[in-house]
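Notes for the one structure printed next.
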Amino acid sequence: MIHPSPAERAAELRDRLHRYSHAYYVLNAPLVTDAEFDALYRELVALENEHPELITPDSPTQRAGSDLSDDFPKVRHPAPILSLSNAYNADDLRAWEERNLKLLPTGTTLDYTFEPKLDGLTIVITYENGVLTQAATRGNGEQGDDVTPNVRTIRTIPLRIPVSGDDPPPARLVVRGEVLYLKKDFESVNRRQAEQGLPMFLNARNAASGTLKQKDSRITASRPLTCFVYGIVDGSGIPARVWDKQWEMLGYLRDLGFLIAPGSAYYPTLAAVLADIPTWEARRDALDFEIDGIVIKVNDLRLARELGVVGKDPRGATAYKFPAREASTKLLAVEVSVGRTGRVVPNAVLEPVFIGGITVSNATLHNYEIVSMLDIRIGDTVVVKRAGDVIPNVIASLPAFRTGDEQPILPPERCPFCDTPIIKPEGAVDYFCPNTRCPERVYRQIEFFVSRAGMDIEGLGSQTVKALLDRGLIRDEADIFFLRAESLLELEKFAEKRVANLLAAIEAAKQRPLGQVITALGIDGVGSTVAEALANHFNSIDALAAATVEELQQIEGIGDILARGIAAWFADDYHREILEKLRAAGVRFQGEAKTQAGDQLTGLTFVLTGTLPTLSRDEAAALIEAHGGKVTSSVSKKTSYVVMGDSPGSKADKARQLNVPIIGEDDLLRLIRHGTST
Ligand code: IVH
């Protein structure tokens, strides 16, 4: 069929789209990328617009998708939960405005709101007399799943409105919003999954959907979802102006205590909207949340209502979709990299493919668990996604394209760089090269040590590190501090001036604050936040190195696995050698001397337990130390006082057993003020 007729083409498109949605929604095994699906869908919509007689009742354009599940009671929405038409370029948007103006009285002008198109899932929330009574998913647009207990756990959704102010709440209010993970929260959820040895989520939207549809709302509560609200579906007792203008509606929702998406704005003309779109494509990566486009809405809601609805899309709003950041290509080979912590990561070598402005030929496959979960094989056609600035991801394979020659991807048995047998620690998702002296690990660690995230030694990049290692001028990161001008001059492109600058930068790095030094050591799981906490708590590398797993666990944010990892790092001979060399070089091993505010607590030893009314554990400890006292983690006969807050642990029982006095936060403050707790 070289030139199919419109009817033949429409039939083929219907057929393909049916197969692709079945594979995607039912089989959970996509056959094409979202972008390819979209393109075919758009073609069918265009064809049907041109030839309305070709529309069949079973055309995929005639139904809105449904996400109903059998696990929840159903809720009927007070009004259909509509979707949005799409625009892909400025011409589409101009044509959209033209079509609308033709339907409105001559002389009408239109102004607009501009809202980020949040890449999450719709939620419909009902308030009666200001109290949240029900929340439902979009479902099929007519009825949704009742997920009220789950929605109650989302902190950005007020349980009662207005959150502040004296105005009475509206008698009834049904709002519509989008539930999603902020980028940072999605990362932390994945970190936790990894720490617990559970599979990682690849797609924030799917993860948010799964979280919202948990049968056990405690699981939802343990995961930090966010909700932005952008519209009112129904209600009574709402000021008239709110029904007149979308911009007023957003302001009203904000005043009631809802979160409105940052970046929402008012635009007097479509030209002004068009002028700003390019800056949005650039701002996209800097936002805290994922967006897949921009929603442009006719601000005058009376006109928008007059414009009506086509199918399931209101004419008064449209979504300008950003170019897809997904494409399919062939997975040619897998290369294994070993990181500074020994983590073995499979990387995809791809047939180069153009995705949203750049050519991609490498992508991460994350880990072997994900590879096997997604059943990705060498030779497969795979879907590659580029999200933000991070390395592109392989997110799916398309088994329909298999020829039978594809090869499985298996973890290496031995480290490709040092031949040490690879291990998989109990409970871990990843495989590791356990050899701390592995040349690749050493190289990657030095590279990290000198980087901005580490000791920040200016003028010392990866290439120079490599050259220094190759010439045997350094063997580990500590050797950097013993480099001499004569040896640096041996390096290519290093003349006097550059050498002097580098030596000065190395000298300066010795004075980096303790937290930064701890970060630079490159202990797995110890990023700058944890390193700061360790520096604050121990105030010296030696105290940290001597800490037991139990002591480490006392610190906020440090769990069992991380505590063990830190202790194991300091127990390693190679790391001890490096520490001794760093000490000898004069690298800072001590925190700032703590300023002594007083000596009221000198000679006293405290143990903290439970949540104190105003002070965090760290603040209380700092206060005690600043006044000459000591804080320890376990109660003994030598303990002077146990400071107890809400939900104390077993330490309170221990104190009672040993007759150690138990005091509260107010007694502690009194002790500091007067030197006595009474
Ligand atoms: S308005 C009648 N506004 O995009 C109005 N939708 O592709 C219909 N979405 O189902 C929706 N951000 O889940 C609207 N600021 C926003 C949005 C938004 C994200 C989602 C929504 C909708 C989908 C349509």
Side-chain angles (χ1 to χ4, degrees), residues 34-35 37-38 41-42 45 61 63-68 77-88 92 96 100 112-125 135-142 144-145 147 156 174-182 204-206 208-209 212 225-234 243 245-247 249-251 253-254 258-267 273 277 280 284 287-322 324:
D34 290 3
F37 185 93
D38 268 8
Y41 188 89
R42 246 182 294 154
V45 169
T61 62
R63 81 151 164 214
S66 163
D67 62 5
L68 290 176
H77 297 305
I81 298 305
L82 300 172
S83 186
L84 289 171
S85 60
N86 291 329
Y88 297 89
D92 290 352
W96 169 65
N100 286 340
Y112 296 96
T113 67
F114 182 103
E115 300 166 27
K117 186 169 175 341
L118 305 156
D119 197 9
L121 42 141
T122 290
I123 191 82
V124 180
I125 316 168
T137 63
R138 176 178 171 285
N140 59 16
E142 304 289 329
D145 285 326
V147 288
T156 42
V174 184
V175 298
R176 173 170 181 182
E178 201 82 355
V179 169
L180 44 78
Y181 277 118
L182 297 182
R205 194 179 173 283
N206 291 349
S209 166
L212 194 63
L225 288 170
T226 295
C227 178
F228 292 107
V229 165
Y230 50 72
I232 300 181
V233 179
D234 194 19
W243 292 117
K245 296 277 160 44
Q246 172 66 12
W247 190 237
M249 192 177 264
L250 290 177
L253 290 168
R254 177 187 296 120
F258 293 100
L259 201 59
I260 304 302
S264 302
Y266 168 80
Y267 282 78
V273 172
I277 285 182
W280 267 88
R284 177 180 185 184
L287 291 172
D288 291 342
F289 44 86
E290 294 281 357
I291 64 175
D292 55 351
I294 288 155
V295 182
I296 300 153
K297 297 179 184 169
V298 168
N299 184 38
D300 190 323
L301 294 174
R302 276 180 301 191
L303 293 180
R305 281 190 288 272
E306 209 176 308
L307 285 168
V309 174
V310 235
K312 56 192 165 78
D313 307 332
R315 286 198 183 83
T318 196
Y320 171 89
K321 296 266 280 229
F322 291 142

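Order of listing sets the numbers, starting from 1, for every ligand and every atom in it.
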Name the residues in contact with ligand 1, where contact means a heavy atom under 4.0 Å away: which are they?
L82, S83, L84, E115, P116, K117, L118, T122, R176, E178, Y230, V295, K297, P314

Nearest 0.5 Å, what's the OG1-NZ distance between T318 and K321?
10.0 Å

Sorted by chain and residue number, the side chain to side chain contact (heavy atoms under 4.5 Å, CB included) partners of D119 (sequence neighbours excluded) come out as R205, E290, D292

Whether the side chain of D145 engages the backbone of T137 through a donor-acceptor N/O pair (distance < 3.5 Å, no angle test) should be reported.
no

Between F322 and I291, does the side chain to side chain contact (heavy atoms under 4.5 Å, CB included) criterion hold? Intermediate values first, please.
CA-CA 9 Å; F322 291 142; I291 64 175; 3.7 Å; yes

With sequence neighbours excluded, what pairs up with A261 under the side chain to side chain contact (heavy atoms under 4.5 Å, CB included) test?
P116, L118, F228, S264

State which residues pass ring-ring contact (aromatic ring centres under 6.0 Å, His included) with F114; sequence neighbours excluded, sorted by chain then number.
Y267, W280

